[in-house]
Amino acid sequence: MSAALPPRDRDWHPPALAPDYKSSRLRAPTQKLLRLPSTISEETGPVFGHDTLGPLDADLITNFAASGEMALGPRRCIRGTVRDQNGRPVAGVLVEVWQANAAGRYRHVNEGYLAPLDPNFGGCGRMITDAEGAYQFMTVQPAAYPWPNAPNAWRPAHIHFSLSGPAFGQRLITQMYFEGDPLIPLCPIVQAIPSGKAVEQLVARLDMPHSESMDYLTYRFDITLRGGVQTPFENKMEGM
Amino acid sequence: MADAESPSQTAGPYVHIGLTPNFTGITGVYPEDLGAVMCGDAALGERITLEGQIFDGAGDVLRDAVVEIWQADAAGNLPPSDPDFRGWGRCASDLKTGIFRFDTVRPGVATTADGDNHAPHIILWIVARGINIGLQTRCYFPDAAQANATDPVFSAVPPDRQPRLLARHQDGVWRFDIHLQGPEETPFFDL
């Protein structure tokens, strides 16, 4: 069960230091990562059973709402498949999501944006991928919002994703963006990703066949986790 | 040709909403925050508390981080086989002090099929605003020097940086501080 993990392609991920994203300047390690073959500690991980979940966990429209109420905003279904680097579906992945409300406001003590809270929207949800690696949740469209990184800086509309796969070394946090958002090329967090092709992996596509007439629009967001392929470890101690 | 892993993005300043909603006052959605309790009453082995703070390049404490840990049980099993021990924990840094804390058991030596002995250690994974991809480091124990010396990861760290991977026993807890930059910068791994 504990298969070696292929080394991460660090040129595909954003570097620790992305100067245009100001918060990274004091928080990016300055020394190279110590690159070694994975061990049993990275090749194993906690198991999350479906009994972890409550019946409304994957419905952000109602999971914080008063009885009979719903969150405000355009109704959305987000769905996709989690696969490994060999294209095989990964079952049992804990997918946790969080987002701003339809006005661009987060429900958080450190949040100061003047846009209103929605009393019926908490902003968190979670699910576990099924045998086919699939997940799905209901939410409202989050709005773009301003942030203090630079004058007139705006985050594109996004949903945060946390993925806990079978191996702790697969642990991943990322963000999902929406197809066609003109703020994507202007965002220094997105643009910290070196390659435009890699950015495209984080852009969800409108999925009309799975949208529901007179109800919601669906976006498709597939995710690839580290693992599933044998990549020979280059026997050089990088960063040593 | 292997498919590319989805690229990482920062967890941002509001990571608690998704990972520890009860901690940030979003109650009634999940009964409890995942990873808050690692041990049942009957967990085997020595109970320990692991705590620390994370410092940025200006020496300021991070108060908006989330730390996850993963470790063997007291007998060295990975994943843990002790039914009263989860092996996995998740904790938000305190909003005022920045302290993260785990009540866990001291991990045992893990012996793998290839005969390697892995010294008692705890993996830590750190995310926060300003961290573009989760940082992974390891906490080892200074009173296991012999095991550390043959551990395949610890022994590969340059000797002058190895002390940064050792917890300090202090006031009854194991203290493990993390420095993102500076002369005491913690070694981070790509494992």
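Residue numbering restarts at 1 for every chain, and letters A, B, ... go by the order of the sequence lines. The structure displayed is predicted, hence computed values, not measured ones.
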S.K.: If you count heavy-atom pairs under 4.5 Å between each of B:Leu62, B:Ile54, B:Thr186 and chain A, which one has the most?
M.R.: B:Leu62
S.K.: Need one label for A:Val190: side chain, backbone, both or neither, based on atoms under 4.5 Å from any heavy atom in chain B.
M.R.: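 Answer is both: backbone and side chain atoms of A:Val190 are under 4.5 Å from chain B.
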S.K.: What part of B:Ser8 gets within 4.5 angstrom of chain A, counting heavy atoms only: side chain, backbone, both, or neither?
M.R.: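 For B:Ser8, heavy atoms of backbone and side chain both lie under 4.5 Å from chain A.
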S.K.: Given side chains that start at C-beta, do those of A:Ile189 and B:Gln9 come closer than 4.5 Å, heavy atoms only?
M.R.: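 The answer is yes, as the side chains (C-beta and beyond) meet within the 4.5 Å cut-off.
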S.K.: Please state whether the rings of A:Phe168 and B:Trp125 are parallel, tilted or perpendicular, taking 30° and 60° as the class boundaries.
M.R.: perpendicular
S.K.: For side-chain contact (heavy atoms from CB on, under 4.5 Å), just list the numbers for A:Leu34 and B:Val157, CA-CA rounded to whole Å, side-chain angles, deciding distance to a tenth of an Å, and then say yes or no.
M.R.: CA-CA 8 Å; A:Leu34 301 174; B:Val157 176; 3.9 Å; yes
S.K.: Name the region of A:Ile193, side chain, backbone, both or neither, that has any atom closer than 4.5 Å to a heavy atom of chain B.
M.R.: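 Only the side chain of A:Ile193 comes within 4.5 Å of chain B.
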S.K.: Using 30° and 60° as the class boundaries, would you call the ring planes of B:His16 and A:His108 parallel, tilted or perpendicular?
M.R.: parallel
S.K.: Below 4.5 Å from any heavy atom of chain B, which atoms of A:Leu163 appear? Answer side chain, backbone, both or neither.
M.R.: neither
S.K.: For B:Pro13, which atoms come within 4.5 Å of any heavy atom of chain A: side chain, backbone, both, or neither?
M.R.: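 Backbone only.
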S.K.: Looking only at heavy atoms and a cut-off of under 4.5 Å, which of A:Arg155, A:Gln170, A:Arg171, A:Lys22 has the most pairs with chain B?
M.R.: A:Arg171
S.K.: Looking only at heavy atoms and a cut-off of under 4.5 Å, which of B:Thr112, B:Ile133, B:Thr137 has the most pairs with chain A?
M.R.: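 Highest number of heavy-atom pairs under 4.5 Å: B:Ile133.
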S.K.: Can you find a heavy atom in the side chain of B:Ile26 that is under 4.5 Å from one in the side chain of A:Cys124?
M.R.: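 Yes - at least one pair of side-chain heavy atoms lies under 4.5 Å apart.
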S.K.: Of all heavy-atom pairs between B:Asn132 and A:Pro15, which one has the smallest distance, and what is that distance?
M.R.: ND2-O, 2.9 Å
S.K.: May I ask you to decide if B:Arg129's main-chain N or O and A:Arg27's side chain share a donor-acceptor pair within less than 3.5 Å?
M.R.: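 Here the side-chain-to-backbone pair exists.
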S.K.: Does B:Tyr14 use its side chain to pair, donor to acceptor, with the backbone of A:Arg107 at less than 3.5 Å?
M.R.: no
S.K.: I'd like to verify something: which residue of B:Gln136, B:His179, B:Glu68 has the highest number of heavy-atom pairs under 4.5 Å with chain A?
M.R.: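 Heavy-atom pairs under 4.5 Å are most numerous for B:Glu68.
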S.K.: What part of B:Val29 lies closer than 4.5 angstrom to a heavy atom of chain A: side chain, backbone, both or neither?
M.R.: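 B:Val29 touches chain A through backbone and side-chain heavy atoms alike.
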S.K.: Looking only at heavy atoms and a cut-off of under 4.5 Å, which of A:Tyr21, A:Tyr106, A:Trp98 has the most pairs with chain B?
M.R.: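 Top count of heavy-atom pairs under 4.5 Å with chain B: A:Trp98.
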S.K.: Strictly by modelled atom types, are A:Thr39 and B:Arg138 linked by a side-chain donor-acceptor pair under 3.5 Å?
M.R.: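 Yes, a side-chain donor-acceptor pair sits under 3.5 Å.
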S.K.: Taking B:Gln181 for the side chain and A:Arg25 for the main chain, is one N or O donor matched with an acceptor at less than 3.5 Å?
M.R.: yes
S.K.: Can you find a heavy atom in the side chain of B:Thr10 that is under 4.5 Å from one in the side chain of A:Gln175?
M.R.: yes
S.K.: Decide side-chain hydrogen bond (donor to acceptor under 3.5 Å, both in side chains) for A:Glu96 and B:Tyr30; before the verdict, give the C-alpha distance in whole Å, the side-chain angles of both, and the deciding distance to 0.1 Å.
M.R.: CA-CA 12 Å; A:Glu96 296 165 287; B:Tyr30 308 150; over 6 Å; no
S.K.: Chain B heavy atoms under 4.5 Å from A:Asp9: which part of the residue, side chain, backbone, both or neither?
M.R.: neither
S.K.: Counting only non-hydrogen atoms closer than 4.5 Å, does B:Ile17 touch chain A with its backbone (N, CA, C, O), its side chain (CB onward), both, or neither?
M.R.: both
S.K.: Given that the side chain runs from C-beta out, which part of A:Ser195 has a heavy atom under 4.5 Å from chain B: side chain, backbone, both or neither?
M.R.: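 A:Ser195 has no heavy atom closer than 4.5 Å to chain B.
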S.K.: Shortest non-hydrogen contact from A:Ile173 to B:Ala11?
M.R.: CG2-CA, 3.8 Å
S.K.: Kindly check if the number of other-residue, nucleotide or ligand heavy atoms within 6.0 Å of CD (B:Gln146) is above 12?
M.R.: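 No.
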S.K.: Relative to chain A, which segment of B:His121 carries a heavy atom at a distance below 4.5 Å: side chain, backbone, both, or neither?
M.R.: side chain
S.K.: Could you go through the side-chain hydrogen bond (donor to acceptor under 3.5 Å, both in side chains) check for B:Trp88 and A:Ser164 one step at a time?
M.R.: CA-CA 11 Å; B:Trp88 177 79; A:Ser164 300; 5.8 Å; no
S.K.: Is chain A contacted by the side chain of B:Thr27, its backbone, both, or neither, given a heavy-atom distance below 4.5 Å?
M.R.: backbone
S.K.: Quick one: which of A:Lys32, A:Arg8, A:Arg10 gives a side-chain hydrogen bond (donor to acceptor under 3.5 Å, both in side chains) with B:Asp190?
M.R.: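 For B:Asp190, the side-chain hydrogen bond (donor to acceptor under 3.5 Å, both in side chains) check succeeds only for A:Arg10.
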S.K.: Quick check on the interface: out of A:Gly123, A:Pro29, A:Gly169, A:Ser24, who has the most heavy-atom pairs with chain B under 4.5 Å?
M.R.: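 Highest number of heavy-atom pairs under 4.5 Å: A:Pro29.
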S.K.: What residue among A:Thr174, A:Asp84, A:Ile223, A:Leu172 forms side-chain contact (heavy atoms from CB on, under 4.5 Å) with B:Glu5?
M.R.: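 Among A:Thr174, A:Asp84, A:Ile223, A:Leu172, the one that satisfies the side-chain contact (heavy atoms from CB on, under 4.5 Å) with B:Glu5 is A:Leu172.
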S.K.: For A:Tyr177, is it the side chain, the backbone, both or neither that has a heavy atom under 4.5 Å from a heavy atom of chain B?
M.R.: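 Side chain only.
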S.K.: Is A:Val97 close to chain B through its backbone or its side chain, or both, or neither, when contacts mean heavy atoms under 4.5 Å?
M.R.: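 For A:Val97, the contact with chain B is made by the backbone alone.
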S.K.: Quick one, A:Leu26 and B:Leu180 - any side-chain contact, counting heavy atoms below 4.5 Å?
M.R.: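 No, every pair of side-chain atoms sits at 4.5 Å or beyond.
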S.K.: Under the side-chain contact (heavy atoms from CB on, under 4.5 Å) test against A:Glu42, which residue among B:Ile123, B:Val153, B:Leu78 passes?
M.R.: B:Ile123
S.K.: Give me the atom names and distance for the closest heavy-atom approach of A:Leu202 to B:Ser6.
M.R.: CD2-CB, 4.5 Å
S.K.: Please classify the contact between A:Gln31 and chain B as side chain, backbone, both or neither, with a heavy-atom cut-off of under 4.5 Å.
M.R.: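 For A:Gln31, backbone and side chain are both near chain B.
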S.K.: Does the salt bridge (Lys or Arg N to Asp or Glu O under 4.0 Å) test come out yes or no for B:Asp3 and A:Arg83, once each step is laid out?
M.R.: CA-CA 9 Å; B:Asp3 295 341; A:Arg83 296 185 178 86; over 6 Å; no
S.K.: Let me know if B:Leu135 has heavy atoms under 4.5 Å from chain A in its side chain, its backbone, both or neither.
M.R.: side chain
S.K.: Could you report the tightest heavy-atom contact between B:Ala4 and A:Gln201, atom names first, then the distance?
M.R.: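 So the two residues come closest at O-NE2, 2.9 Å.
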S.K.: Non-hydrogen atoms of chain B under 4.5 Å away: do they reach the side chain of A:Ala198, the backbone, both or neither?
M.R.: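 Both backbone and side chain.
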S.K.: Given the options B:Gly18, B:Pro7, B:Gly12, B:Gly87, which has more heavy-atom pairs under 4.5 Å with chain A than any of the others?
M.R.: B:Pro7
S.K.: Non-hydrogen atoms of chain B under 4.5 Å away: do they reach the side chain of A:Ser162, the backbone, both or neither?
M.R.: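 For A:Ser162, the contact with chain B is made by the side chain alone.
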S.K.: Give, as side chain, backbone, both or neither, the part of B:Gln71 having an atom under 4.5 angstrom from any heavy atom of chain A.
M.R.: neither
S.K.: Do B:Leu34 and A:Arg126 have side chains that get closer than 4.5 Å, going by heavy atoms?
M.R.: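 In contact.
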S.K.: With only heavy atoms counted, which part of B:Asp114 is less than 4.5 Å from chain A, the side chain, the backbone, both or neither?
M.R.: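 Neither part; nothing is under 4.5 Å.
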